[in-house]
J.: 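Just passing along the structure, written as structure tokens.
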Amino acid sequence: MSQLHIVLVQPQIPQNTGNIARTCAATGAKLHIVKPMGFEIDDKKLKRAGLDYWYLLDIYYYDNIEAFFEKNSGNFYFFTTKGQQIYSDVTYPDTAYLIFGREDAGLDEQLLFDHPDNCVRIPMIDDARSLNLSNTVALASYEVLRQWGFPRLKTAGELTKFHWNER
């Protein structure tokens, strides 16, 4: 069975982490947070951004990146502006870990250098430093899920006042 994992390495902005938690909850992705964080997990902004989705979330915490790699193995993809391949050109296997760095610094360059074939980039113009972290996670997550055929996700909605078949 397919399983998407979102890994945040040292997130700094609670609103981003809350939005990412909501994306993970809505998609069934597991969320992994590597400390240290730039905020407390009970931060009101974090809770507000995630709204009432916390009960849908599988979340794991690690003291550092080494602890994360000790407890997890699989297919790791490092999202970075320094990547040499486009994220949508990758064919993601059934279990994928999408790894994202701090909002202000990204991922450690030694980590990227050690995994050159798994560093991916979302295209943008030269003068843009980066996209917002929560937007990047959503974009990347839905590309993987699209490739997998959106497993376990509801793909059609219903109107509240009308029925589609009554047209």
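All of these numbers come straight from a predicted model, not from anything done at the bench.
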J.: If you measure from SG on C119 to CZ on R121, what distance do you get to the nearest 0.5 Å?
T.: 12.0 Å
J.: Would you kindly confirm whether Y61 and I20 end up in one hydrophobic cluster when ILVMFWY residues are joined by side chain heavy atoms under 4.5 Å apart?
T.: yes
J.: Quick check: are there more than 12 heavy atoms from other residues, nucleotides or ligands sitting under 6.0 Å from CZ of R129?
T.: no
J.: Hey, would you say the H32 and Y97 ring centroids sit under 6.0 Å apart?
T.: yes
J.: Working to the nearest 0.5 angstrom, can you tell me the gap between F78 CZ and L98 CG?
T.: 10.5 Å
J.: Can L4 and S141 be said to form a side-chain contact (heavy atoms from CB on, under 4.5 Å), step by step?
T.: CA-CA 8 Å; L4 180 59; S141 298; 3.9 Å; yes
J.: How far does OH of Y77 sit from CZ of F79, to the nearest 0.5 angstrom?
T.: 9.5 Å
J.: Hey, does F100 have a side-chain heavy atom less than 4.5 Å from the side chain of L133?
T.: yes
J.: When you look at CG of N165, are more than 12 heavy atoms from neighbouring residues, nucleotides or ligands closer to it than 6.0 Å?
T.: yes
J.: If you define the side chain from C-beta out and look only at heavy atoms, does anything of L8 sit under 4.5 Å from V34?
T.: no
J.: Count the heavy atoms of every other residue, nucleotide or ligand shown that sit under 6.0 Å from CD of E109, and state whether that count exceeds 12.
T.: no
J.: What about the rings of F69 and F76, do their centers lie closer together than 6.0 Å?
T.: yes
J.: Decide whether V120 and V7 are clustered together by the hydrophobic rule: side chain heavy atoms of Ile, Leu, Val, Met, Phe, Trp, Tyr closer than 4.5 Å, transitively.
T.: no
J.: Indicate the atoms forming the closest heavy-atom contact of T27 with Y142, along with that distance.
T.: CG2-OH, 3.3 Å
J.: With distance as the sole test, does Q12 use its side chain to make a donor-acceptor pair with the main-chain N or O of Q10 at under 3.5 Å?
T.: yes
